[in-house]
Protein chains: 2
Amino acid sequence: MKADAESPGDVVASPIGTADIPQIANIELLFFAYRAFTGDPDRILTRFGFGRAHHRALFFVSRRPGMTVAELITILGITKQSLSRVLRQLIQSGHIRQITGRSDRRQRHLYPTKAGHELILELSQPQSRRIADALHACGLADSEAVSCFMQAMIDADDRKLLDAIATATG
Amino acid sequence: MKADAESPGDVVASPIGTADIPQIANIELLFFAYRAFTGDPDRILTRFGFGRAHHRALFFVSRRPGMTVAELITILGITKQSLSRVLRQLIQSGHIRQITGRSDRRQRHLYPTKAGHELILELSQPQSRRIADALHACGLADSEAVSCFMQAMIDADDRKLLDAIATATG
DNA sequence: AAAAATATGTCAGTACTATTGACATATTTT
DNA sequence: AAAATATGTCAATAGTACTGACATATTTTT
């Protein structure tokens, strides 16, 4: 149990800094920024007995109503087994509804209900406000620099998925 | 089991957009950007049987060597029980070392070992490169706009924690 | 028409990260 | 000596993810 010592041995005592990792400060900032960003909705989700996975599913379904289960799985980057429970709960709670495909009756098209629509708005509002406030505080009202940066951070294949959403959404 | 329907009922068929949530596009971008950002180290961590929690712990210990367990808990925003297993594994694997406090012998000061130092560099390099590339692609070499934005996203109390790290790190 | 492929769903088992609550030990402060 | 603090551990629970196996309905291919 005594994995502990009185004297430094092998130890590295100097902090890693910009000399080691040029973007270390931004790495750190991104960690904290994302935590703040997800913290707002987390508090709301607790009221419904939901977690972040529910939020993400509802978000993308609301962003692209009528998407199939397979499309949602691709965007979320999880397995159907992982999505299964989350989706079942969102359907049972009346936030998402499945509609059998007209042309292909194997498919299930996903739509937010009115309740689901209201919930995603409630979850998104504090996030939107936080982003808008941050942009404003830095004099970046048009958000072009930040949007470009975030887009450039994303892998090519994920950017394709995003384009598909943007196309459907306008 | 038939939570599914042939006809739309209560359903909201129009996608949420900028009219509903002004920053909806940036919310979406941030989700994908962060996923890409964490994806790089995730692949490396698997080799060691570690997860993201190990990465975060090692990151902050390396960023501020000599920090106590209590300080690490505060920064990570988790309970000591959650940290316990992760820290024990990092100590057993020889990536972090504990040194009993000289003035207060109850405290355990945490340091990365040489192995820990090398691992955090390996984990941080792809993240740093990704950020640097994204900044460069958007002509934001000095990263001022992006850094300001991320800092402004963070809650006041977390920003204090960050300042403490920055002060120690220079 | 039969066979293969596809879309979805479910069950079982496992892993990682987190929680709360209770309790233990060593050390410092009062 | 008593109280507070820093750390650590055990047990139980929850949320999110995974793999593998199997089932059903439907569509496509042969």
Trainee: Could you tell me whether the side chain of B/F60 reaches within less than 4.5 Å of the side chain of B/I165, counting heavy atoms only?
Mentor: yes
Trainee: Mind checking whether A/R130 and B/D155 have side chains closer than 4.5 Å, heavy atoms only?
Mentor: yes
Trainee: What residues, two or more places apart in sequence or in another chain, satisfy ring-ring contact (aromatic ring centres under 6.0 Å, His included) together with A/H55?
Mentor: none
Trainee: Considering residues at least two apart in sequence or located in another chain, which fulfil the side chain to side chain contact (heavy atoms under 4.5 Å, CB included) criterion with A/T74?
Mentor: A/L161
Trainee: Scan residues 66-84 of chain B against DNA chain C and write down, sorted by residue number, each residue with any heavy atom closer than 4.0 Å; if none is found, say none.
Mentor: B/G77, B/I78, B/T79, B/Q81, B/S82
Trainee: Work out which heavy atom in A/S62 is nearest to a heavy atom in A/I120; give both atom names and the distance.
Mentor: OG-CG2, 3.5 Å
Trainee: Could you go over nucleotides 24-30 of chain D and give all protein N or O partners under 3.5 Å, atom names and distances?
Mentor:
{"from": "D/dT27", "atom 1": "OP1", "to": "A/R105", "atom 2": "N", "distance (Å)": "3.0"}

Trainee: A/Q98 has an atom CD; how far is it from atom C1' of C/dA7, in whole Å?
Mentor: 12 Å
Trainee: Which heavy-atom pair separates A/L83 from A/A57 by the least distance, and what is that distance?
Mentor: CD1-CB, 4.4 Å
Trainee: How many whole angstroms separate atom CZ of B/R88 from atom P of C/dC16?
Mentor: 13 Å
Trainee: In a table with atom names and distances, give each donor-acceptor pair under 3.5 Å that connects a side chain of residues 25-37 of chain B to protein atoms at least two apart or in another chain.
Mentor:
{"from": "B/N26", "atom 1": "OD1", "to": "A/S147", "atom 2": "OG", "distance (Å)": "2.8"}
{"from": "B/N26", "atom 1": "ND2", "to": "A/S143", "atom 2": "OG", "distance (Å)": "3.4"}
{"from": "B/N26", "atom 1": "ND2", "to": "B/Q23", "atom 2": "OE1", "distance (Å)": "2.7"}
{"from": "B/E28", "atom 1": "OE2", "to": "A/R63", "atom 2": "NE", "distance (Å)": "2.8"}
{"from": "B/R35", "atom 1": "NH1", "to": "A/I75", "atom 2": "O", "distance (Å)": "2.9"}
{"from": "B/R35", "atom 1": "NH1", "to": "A/L76", "atom 2": "O", "distance (Å)": "2.9"}
{"from": "B/R35", "atom 1": "NH2", "to": "A/I75", "atom 2": "O", "distance (Å)": "3.1"}
{"from": "B/R35", "atom 1": "NH2", "to": "A/D158", "atom 2": "OD2", "distance (Å)": "3.1"}

Trainee: Do you know which two heavy atoms are closest between A/L45 and A/G51, and how far apart they sit?
Mentor: CD1-O, 3.6 Å
Trainee: Going from CG on A/L135 to SG on B/C148, what distance comes out if it is rounded to the nearest 0.5 angstrom?
Mentor: 9.5 Å
Trainee: Is any side-chain heavy atom of A/M67 closer than 4.5 Å to one of A/V61?
Mentor: yes
Trainee: D/dT7 C1' sits how many Å from B/I96 CD1, rounded?
Mentor: 16 Å
Trainee: Specify the closest pair of heavy atoms between B/L58 and B/I96, including all atoms of both residues, with the distance to one decimal.
Mentor: CD1-CG1, 3.9 Å
Trainee: Tell me: CG of A/L87 to C1' of C/dT8, nearest whole Å?
Mentor: 11 Å
Trainee: Using nucleotides 1-4 of chain C, report all nitrogen or oxygen pairs with the protein that are shorter than 3.5 Å.
Mentor:
none

Trainee: Taking all non-hydrogen atoms of both residues into account, name the closest pair between B/G94 and B/A115 and its distance.
Mentor: O-CB, 3.8 Å
Trainee: Any side-chain heavy atom of A/F50 sitting closer than 4.5 Å to one from A/L90?
Mentor: yes
Trainee: Determine yes or no for a side-chain-to-main-chain donor-acceptor pair under 3.5 angstrom, with A/R52 supplying the side chain and A/D42 the backbone.
Mentor: no
Trainee: Would you say the rings of B/F48 and B/H54 are close, in the sense that their centroids are separated by under 6.0 Å?
Mentor: no
Trainee: In terms of hydrophobic clustering (I, L, V, M, F, W, Y; side-chain heavy atoms under 4.5 Å; direct or indirect links), are B/M153 and A/I154 co-clustered?
Mentor: yes
Trainee: Closest approach of B/C138 and A/A152, non-hydrogen atoms and distance?
Mentor: SG-CB, 4.2 Å
Trainee: Does any non-hydrogen side-chain atom of A/R108 lie less than 4.5 Å from one of A/T100?
Mentor: yes
Trainee: Would you kindly give the CD1-to-C1' distance between B/I91 and D/dT7, to the nearest whole Å?
Mentor: 11 Å
Trainee: State yes or no: do B/I91 and A/V12 share one hydrophobic cluster built from I, L, V, M, F, W and Y residues joined by side-chain heavy-atom distances below 4.5 Å, directly or via other members?
Mentor: no
Trainee: When you measure from every atom of DNA chain D, which of residues 41-59 of chain B have a heavy atom less than 4.0 Å away?
Mentor: none
Trainee: Check whether any side-chain heavy atom of B/S84 sits under 4.5 Å from a side-chain heavy atom of B/R88, and report yes or no.
Mentor: yes
Trainee: Given side chains that start at C-beta, do those of A/L110 and A/Q98 come closer than 4.5 Å, heavy atoms only?
Mentor: yes
Trainee: Under 3.5 Å between N/O atoms: give me all the protein pairs with nucleotides 12-14 of chain D, atom names plus distance.
Mentor:
none

Trainee: Separation of A/L110 atom CG from C/dA7 atom C1', in whole Å?
Mentor: 12 Å
Trainee: Give, ordered by number, those residues of residues 117-125 of chain A having at least one heavy-atom distance below 4.0 Å to an atom of DNA chain C; if nothing qualifies, reply none.
Mentor: none
Trainee: Which range-with-range stems can be found for DNA chain C when each stem has 3 or more Watson-Crick or G-U pairs in a row and both distances sit under 3.5 Å?
Mentor: C:1-30 with D:1-30
Trainee: Heavy atoms within less than 4.0 Å of DNA chain C: which residues of residues 33-40 of chain A have one? Give them sorted by number.
Mentor: none
Trainee: B/R47: which residues meet the side chain to side chain contact (heavy atoms under 4.5 Å, CB included) condition with it, sequence neighbours left out?
Mentor: B/I44, B/E122
Trainee: Please determine if B/D10 and A/R97 form a salt bridge, counting it only when a charged side-chain N lies under 4.0 Å from a carboxylate O.
Mentor: no
